[in-house]
Undergrad: 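I'd like to ask some things about the structure below.
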Number of protein chains: 2
Amino acid sequence: MALGTDYPRQDCGIARSLELVGERWTLLILRDCFLGVRRFSDLQAHLDVSRAVLSSRLDALVAEGLLERVGDGHASYELTEDAIALWPVLLLLAQWGDQRTSPGRPRRTFHHVGCGILGRDGRCSTCDVAPHPRDVETRRGPGADPTLRSDPVSRALREPHRLLEPLVTA
Amino acid sequence: MALGTDYPRQDCGIARSLELVGERWTLLILRDCFLGVRRFSDLQAHLDVSRAVLSSRLDALVAEGLLERVGDGHASYELTEDAIALWPVLLLLAQWGDQRTSPGRPRRTFHHVGCGILGRDGRCSTCDVAPHPRDVETRRGPGADPTLRSDPVSRALREPHRLLEPLVTA
DNA sequence: TGGTTTGGTCTGTTCATCGAACCAAATGCA
DNA sequence: TGCATTTGGTTCGATGAACAGACCAAACCA
């Protein structure tokens, strides 16, 4: 972890977290992994990020135990339990960002499978449970702009998709 | 907002959020504001950040409606409701970072005033309510290192303190 | 009113990211 | 099986962000 992203003089859990997930692109990489993206090229094409930065970020996430490389050769990247614990952060940032920039018209919605939509506290509006991400389905919301991107991941995410399930791109 | 921190090609609430709070130091500034720090020099001394960066971050937070300059001359910085909505993110990052780097010995704990300690879901372990930050008291935890810093803010935070209340530094 | 403190602003240096080029390794197919 | 293609990097120069120090304007207070 480079010195330019650390906070050695902050005795604080937030600083410890930001040292790992605070760098540019990292949380968006994790977002994509929650959405089921598994392959380097899919991540790269969906994020439009330089391959050098993506490679460096993935290495760090693997080294710190947030991602796991599965399989030899063209590996698949999967979230660990530690990373999955960050889901509420991502959900809240998604909702907060949508509320500020597209009030009442979220770009993406999240649903407790077979139940209700998730509210601001991450709980199902129907049963009040805060479901595990694997029991969450994500859908394109009314505020989404389907014309902005057409990479394979963006196209696949036009359909509802269960979090943590591998996203199949053509 | 500079181009190097934006994600114009991401149609995503998380990207919108990160465009505002994803820059280095921003979330720590907001953390300090939750802890009741109000003045430029206290922020600067507690964060050990260059004054140019702090000034730039504060300007952006004010411009985007997350902070409010109160008073003329030597202004005071106060969180807006929009910013206060980010409290669960900060709480979760604090807990996640502490759990990973100091398991069982958090550097800082948060308590529902007159009730119980807050758990991982931000709810009071006694009454199960997720209290508003103004009803939360923060205390130094068993994992804190009181020798790391001795700026006025760090010294003041050795005592329990209510979130959002102005932190008085000598 | 003058000295001190606070809150900036400016600038050269260092580090991170970007974008393109190059290449090694893996995959797929005839 | 060998070759073409794809995938997953690595390298490098240009650009932008952060840092550290110096300077200074504005505010405060005795």
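All values below come from the heavy atoms of this structure, side chains included, with hydrogens, waters and symmetry mates left out. Naming convention: chains lettered A, B, ... in sequence-line order (proteins, then strands); numbering from 1 in each chain.
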Undergrad: Is there a donor-acceptor pair under 3.5 Å between the side chain of B:R149 and the backbone N or O of A:R9?
TA: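 Between the backbone of A:R9 and the side chain of B:R149 there is a qualifying donor-acceptor contact (under 3.5 Å).
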Undergrad: For A:E23 and C:dT17, what is the distance between atoms CD and C1' respectively, to the nearest whole Å?
TA: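 Atom CD in A:E23 sits about 10 Å away from atom C1' in C:dT17.
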Undergrad: How many whole angstroms separate atom CZ of A:R9 from atom C1' of D:dC19?
TA: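 One finds 15 Å between C1' of D:dC19 and CZ of A:R9, rounded.
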Undergrad: Is the phosphate of D:dA18, meaning OP1 or OP2, less than 4.0 Å from a side-chain N or O of B:R57?
TA: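 B:R57 to D:dA18 OP1/OP2: side-chain N or O found under 4.0 Å.
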Undergrad: Rounded to whole Å, please give me the gap between CG in A:D6 and C1' in D:dC19.
TA: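 So the CG-C1' distance, A:D6 to D:dC19, works out to 15 Å.
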Undergrad: Under 4.0 Å: is that the gap between some side-chain N or O of A:S41 and OP1 or OP2 of D:dG8?
TA: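 For A:S41, the contact criterion (side-chain N or O under 4.0 Å from OP1 or OP2 of D:dG8) is met.
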Undergrad: Kindly say if B:S55 contacts the phosphate of C:dT9, meaning a side-chain N or O under 4.0 Å from OP1 or OP2.
TA: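 Yes.
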Undergrad: When you look at CZ of A:R158, are more than 12 heavy atoms from neighbouring residues, nucleotides or ligands closer to it than 6.0 Å?
TA: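 Correct, the count exceeds 12.
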Undergrad: Which heavy atom of A:L164 sits nearest a heavy atom of A:R38, and at what distance?
TA: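 Closest pair (atom of A:L164, atom of A:R38, distance): O-NH2, 2.8 Å.
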Undergrad: Can you tell me how far C1' of D:dT7 sits from CG of A:D151, to the nearest Å?
TA: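 Distance, rounded to whole Å: 16 Å.
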Undergrad: Do the side-chain N or O atoms of B:R24 get closer than 4.0 angstrom to the phosphate oxygens (OP1, OP2) of D:dC19?
TA: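 Indeed, a polar side-chain atom of B:R24 lies that close.
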Undergrad: Is any side-chain nitrogen or oxygen of B:W25 closer than 4.0 Å to OP1 or OP2 of D:dC19?
TA: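 B:W25 to D:dC19 OP1/OP2: side-chain N or O found under 4.0 Å.
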Undergrad: Measure from the side-chain N and O atoms of A:D11 to the backbone N and O of B:D145, and report whether any donor-acceptor pair falls under 3.5 Å.
TA: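 Yes, the answer is positive, given that a donor and an acceptor are paired below the 3.5 Å cut-off.
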Undergrad: Between D:dG8, C:dT9, C:dC18, which nucleotide has the shortest distance from any of its atoms to the side chain of A:R51?
TA: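 The answer is D:dG8.
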Undergrad: Whole angstrom is fine here: how far is it from CG in A:L58 over to C1' in D:dG8?
TA: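 Going from A:L58 (CG) to D:dG8 (C1'), I get 10 Å.
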Undergrad: Rounding to a whole Å, what distance do you find between A:L54:CG and C:dG19:P?
TA: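 Rounding to the nearest Å, CG of A:L54 and P of C:dG19 are 14 Å apart.
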Undergrad: Closest to the B:Y77 side chain: C:dG8, C:dC18, D:dA20?
TA: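 Per side-chain heavy atoms of B:Y77, the pick is C:dG8.
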Undergrad: Both B:A52 and A:A52 contact DNA chain C. Which one's nearest nucleotide lies toward the 5' end?
TA: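 Taking each residue's closest nucleotide, the earlier one in sequence belongs to B:A52.
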Undergrad: Quickly work out the B:L47 CG to D:dA20 P distance and round it to whole Å.
TA: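 Spelled out: CG on B:L47 to P on D:dA20 is 13 Å.
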Undergrad: Checking A:E137 side chain against A:P160 main chain: does a donor-acceptor pair fall under 3.5 Å?
TA: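 No.
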Undergrad: Atom CG of A:D72 and atom C1' of D:dG8: how far apart are they, to the nearest Å?
TA: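 Those two atoms, CG and C1', are 14 Å apart.
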Undergrad: Nearest nucleotide by nearest heavy atom, which residue falls closer to the 5' end of DNA chain C, A:G73 or A:V49?
TA: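 Upstream on the strand: A:V49.
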Undergrad: Where the side chain of A:H74 is defined as all heavy atoms beyond and including C-beta, which of C:dG19, D:dT7, D:dC19 is the nearest nucleotide?
TA: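 Nearest listed nucleotide: D:dT7.
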Undergrad: Of the nucleotides D:dC19, D:dG9, C:dG8, which has the atom closest to the A:F40 side chain?
TA: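 Of the options given, the side chain of A:F40 lies nearest D:dG9.
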